[in-house]
Every structure is written in C-alpha cells, then in structure tokens.
Amino acid sequence: MDVELALIAERLKIQLPYLRADKNDKRMAHDFLERFVAQGKKCFQKRTDKDYVAYSDAIEAFDKADRLLVSWANRASHSFDVVRPEAVKLIETCEKALDFFECSSCGKRVWFADAEGSESVQCQCGQIRWRYGRA
Ligand SMILES: [Zn+2]
C-alpha cells in the first residue's frame, strides 16, 4: 500500500514535505493521502460536457480513507485491539479511493504514459486528468 502510494505521488509530481531519501521509506500512507486530498482539490479534474471540474467524488474518497487510517493508526499504536474486520474495512476503503485514479471510461490510469504533457497527466480518453500542482 505505501509503495503504491509512493509511486502514484511520483507520477503526479506531488511535492512531499520530506525530501531526504532515508525518510522516504518510512513515510506513512497518511502523508500521501493527506496530499492527495489537499492537492487533488486543485489538481484532480473530471471532464463534464463543457469543461473540467474538480473531481469531488475522488477527493471525498481520499479524505474518507485518510480519516479512517488516522483513527485506526492512533488506536493501533496504543493497543492490540484492532480487530480483523476493521483492518479489512480500512484496506477496502483505501483501495476504493485509489480506484478513482483509474478512468471508468477507458480503463487507463490518470497517469497514462502516452498522454503525459508538461502541465498535466491524463487517462487515454481524457475523461480524468491531474494538473501538476504548483507548490
Ligand atoms: Zn479515460
């Protein structure tokens, strides 16, 4: 999960707070999700009839996954009472959130290689796109 999030962040050129290599491995999923939410509001867009608009469903899903992750992590660090169904729910919520990076129309991810531009990335058909943030 953390590895996948790190790869996504790299493709979307998301700037992260710690750039020192030795810290990269320890960065938690929360750090990534937090940024997907914050930057996604400006960067992640979906095409409508006329124009691109903020992909609010996706942002909501990232936010929901992030909040669940934080509350789970807080409790898990204090005791071992995290029950399996709860962990399963967390993973499902996170996976569901990440599914938003895949276009429901063409099935490609938003960072589809051939469509990469200097300002943004998009899926093959252009229904979803991510404009690089200007941090
Ligand atoms: Zn598409």
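Computation of the quantities below employed the complete heavy-atom set of this structure, encompassing side-chain atoms and omitting hydrogens, waters and symmetry-equivalent molecules. Both counts, for ligands and for their atoms, begin at 1 and track the order of listing.
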Enter the distance from Arg11:CZ to Ile8:CD1 here, rounded to the nearest 0.5 Å. 9.5 Å
From Cys43 SG over to Leu12 CG, what is the distance, rounded to the nearest 0.5 angstrom? 8.5 Å
Solution key, residues 48-55 side-chain donor-acceptor pairs under 3.5 Å, sequence neighbours excluded:
residue	atom	partner	partner atom	Å
Thr48	OG1	Asp51	N	3.3
Thr48	OG1	Asp51	O	2.7
Tyr52	OH	Gly126	O	2.5

Please name all residues satisfying salt bridge (charged side-chain N to carboxylate O under 4.0 Å, His left out) with Glu92, sequence neighbours left out, ordered by chain then number. none
Please list all pairs meeting salt bridge (Lys or Arg N to Asp or Glu O under 4.0 Å) that have one or both residues in residues 55-74, counting only residues at least two apart or in different chains. Asp63-Arg67
Tell me if the CZ atom of Arg47 is crowded by more than 12 foreign heavy atoms within 6.0 Å. yes
Are there any protein N/O/S atoms under 2.8 Å from the Zn ion (ligand 1), and if so, which? Cys103 SG, Cys106 SG, Cys123 SG, Cys125 SG
